[in-house]
2 protein chains.
Amino acid sequence: MRDALNNELLRSYANINKAYFQLLKIDAERMGITVVQLKTMYRISAHPNTGLGELAEILRLTKSTVSGVIDRLVHQGLVERTIQSTDRRAINLKLTEKGQKTLKQLFEGKSIVSEKTHEIMNMRKEDINKLLSLNNQILSILTAREDIY
Amino acid sequence: MRDALNNELLRSYANINKAYFQLLKIDAERMGITVVQLKTMYRISAHPNTGLGELAEILRLTKSTVSGVIDRLVHQGLVERTIQSTDRRAINLKLTEKGQKTLKQLFEGKSIVSEKTHEIMNMRKEDINKLLSLNNQILSILTAREDIY
DNA sequence: GGTAAAATATTCGTATACGAACTATCGTGG
DNA sequence: CCACGATAGTTCGTATACGAATATTTTACC
C-alpha cells in the first residue's frame, strides 16, 4: 500500500497533469473563464447540439458535475441550453455568439500551453509512440476488471 | 490551442490519474476516509510533527486546501494539531492513536491499488526507466520558465 | 527598543467533483 | 391503454482546490 502512495512513476503522472492544468489556466483566465469551462466550451463547439450525458462522457466527468458547469456557463451567457423537441428529458447545448467569440479569441491568441504542447510533440517520434504505448499499457493494468472487487 | 485541448498523449496522463485515484478511493472508503485524507495521513505518519506549510509542499496543495483537510481530519479524531512551543504561528501535526490504527488497518488489508502498482512496477525495467525519463522530460518542458509569461 | 517586513496558518468566496436522491419524460410489455 | 422500468438531467450534501484577504507572531533593520 505504501508503494502505491509513494511511487515515483505515478507521482510523475500527477505532476504532469498539474503542470498542464496550470498552463491551460493561464489561457483560460485571460478570457475570464476556468479550465473546465474552457474544455467544456471546446467540446461543445466540436459537438454542436450535444446532450449533457454525452458531454459528460467526453469530458470524463459525472452528469452532476457537468450540470453545474453548464449552469455557470449559461449564466455567463457563453452557452445556450435548449430542451430537445423530440425528447423533453434531454437538452441540447451550443455556444452562444459570445461563447464562440470567446473561444475564437482564445484560439487566436498567443498560447503558452500550445507552444509547450508543440514542443512535447516535437520530441522524437519513437519516444512519443513509446510513451503512448506504455501509458496505455499502464492504463490497461489500472482499469482491468477483477472479480476481487 | 486545439492541439493542447485534444492531445491523445496528454489525455492519457489524465486518464491514468483518474484510474489510479479511483483505485485509491476503494481502499480509502473501506476505512471511511477520502483519498486526500488517506494521502495526508500517510504523509503525516512519514513526517511526524510536520508543519502545515511543509505538508502542503509534500502534498503539492495550497496551504488553504491543506488547512481544510486537516480541519476535517482533526474533527474525525484522526489527526492532532498542536501549537508549536517555539513559534506560536506554526503548528505540529501528528496522527492520533485512532489515526495510526486506521492507517495500520489500511496497510494490512488486501489492496487492489497495491496489486496494480506492483503489476505496473513488474513491467520491463527498461520500460519503467524509459517512462520515468520521458515523463520527467515532459514535466521539464511544461514547467520550464519563460520570460514570455 | 521600536517599527516594518516577513512568515505561518486560517478564513472566505467561488468553482469543481462525486454519489445519492429526486423529478420529469420516454419506451416497453401485458 | 396503462403501469412500470429506464433514461435524462437536476438538486443536495459534502469534500476538495485555489487565490485573496486576514490575523497573529516572528524576524530584521535602523
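If you're wondering where the values come from, they're calculated on a predicted model, not measured in any experiment. In what follows, chains carry the letters A, B, and so on, assigned in the order in which the sequence lines appear, proteins first and then strands, with residues in each chain numbered from 1. Note that these values count all heavy atoms, side chains included, but never hydrogens, waters or copies made by symmetry.
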Who passes side chain to side chain contact (heavy atoms under 4.5 Å, CB included) against [X], sequence neighbours left out?
X	result
N135(A)	Y13(A), L131(A), L9(B), S12(B), Y13(B), I16(B), L131(B)
Q137(B)	M123(A), L134(B)
K63(A)	L52(A), A56(A)
T62(A)	S64(A), T65(A)

B/S/- contact track for nucleotides 19-29 of chain D, protein heavy atom under 4.0 Å: BB---BBS---
Salt bridge (charged side-chain N to carboxylate O under 4.0 Å, His left out) partners for K94(A), two or more places apart: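 K94(A): no salt bridge (charged side-chain N to carboxylate O under 4.0 Å, His left out) contacts found.
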Set of residues satisfying salt bridge (charged side-chain N to carboxylate O under 4.0 Å, His left out) with respect to K101(A), sequence neighbours excluded: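 Residues passing salt bridge (charged side-chain N to carboxylate O under 4.0 Å, His left out) with K101(A): none at all.
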D27(B)-S111(B) side chain donor-acceptor pair, cut-off 3.5 Å: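 Distance-only check passes for D27(B) and S111(B).
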Strand-adjacent residues in residues 67-83 of chain A, judged by heavy atoms under 4.0 Å from DNA chain C: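 Only V69(A), R72(A) qualify.
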DNA chain C contacts made by residues 33-58 of chain B, counting heavy atoms under 4.0 Å: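 Contacting residues: G51(B), L52(B), G53(B).
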Side chain to side chain donor-acceptor pair (under 3.5 Å) partners for K104(B), two or more places apart: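 For K104(B) the side chain to side chain donor-acceptor pair (under 3.5 Å) partners, ignoring immediate neighbours, are E108(B).
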From I58(B) atom CD1 to Y42(B) atom OH, the distance as rounded to the nearest 0.5 Å: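 I58(B) CD1 to Y42(B) OH: 10.5 Å, rounded to 0.5 Å.
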Euclidean distance, I112(A) CD1 relative to L142(B) CG, rounded to 0.5 Å: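 The CG atom of L142(B) sits 11.5 Å away from the CD1 atom of I112(A).
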DNA chain D: 5'-proximal contact among I91(A) and F21(B) (nearest heavy atom):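 Its nearest nucleotide being more 5', the pick is I91(A).
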Whether over 12 other heavy atoms sit under 6.0 Å from Q84(A) CD: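 Enclosed.
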Residue E8(B) excluded, over 12 heavy atoms near CD under 6.0 Å: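 No, CD of E8(B) has 12 or fewer neighbouring heavy atoms, counting only those of other groups under 6.0 Å.
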Rounded distance in Å - CG (L61(A)) to P (dG9(D)):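 Roughly 15 Å, once rounded to whole Å.
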All pairs passing salt bridge (Lys or Arg N to Asp or Glu O under 4.0 Å) where residues 79-91 of chain A contributes a residue, at least two apart: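 Counting only pairs at least two positions apart or across chains, the salt bridge (Lys or Arg N to Asp or Glu O under 4.0 Å) contacts touching residues 79-91 of chain A are D71(A)-R81(A), D87(A)-R89(A).
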Nucleotide interval of DNA chain C bounded by contacts with chain A (heavy-atom cut-off, under 4.0 Å):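 On DNA chain C, the outermost contacted nucleotides are dA15(C) to dC26(C).
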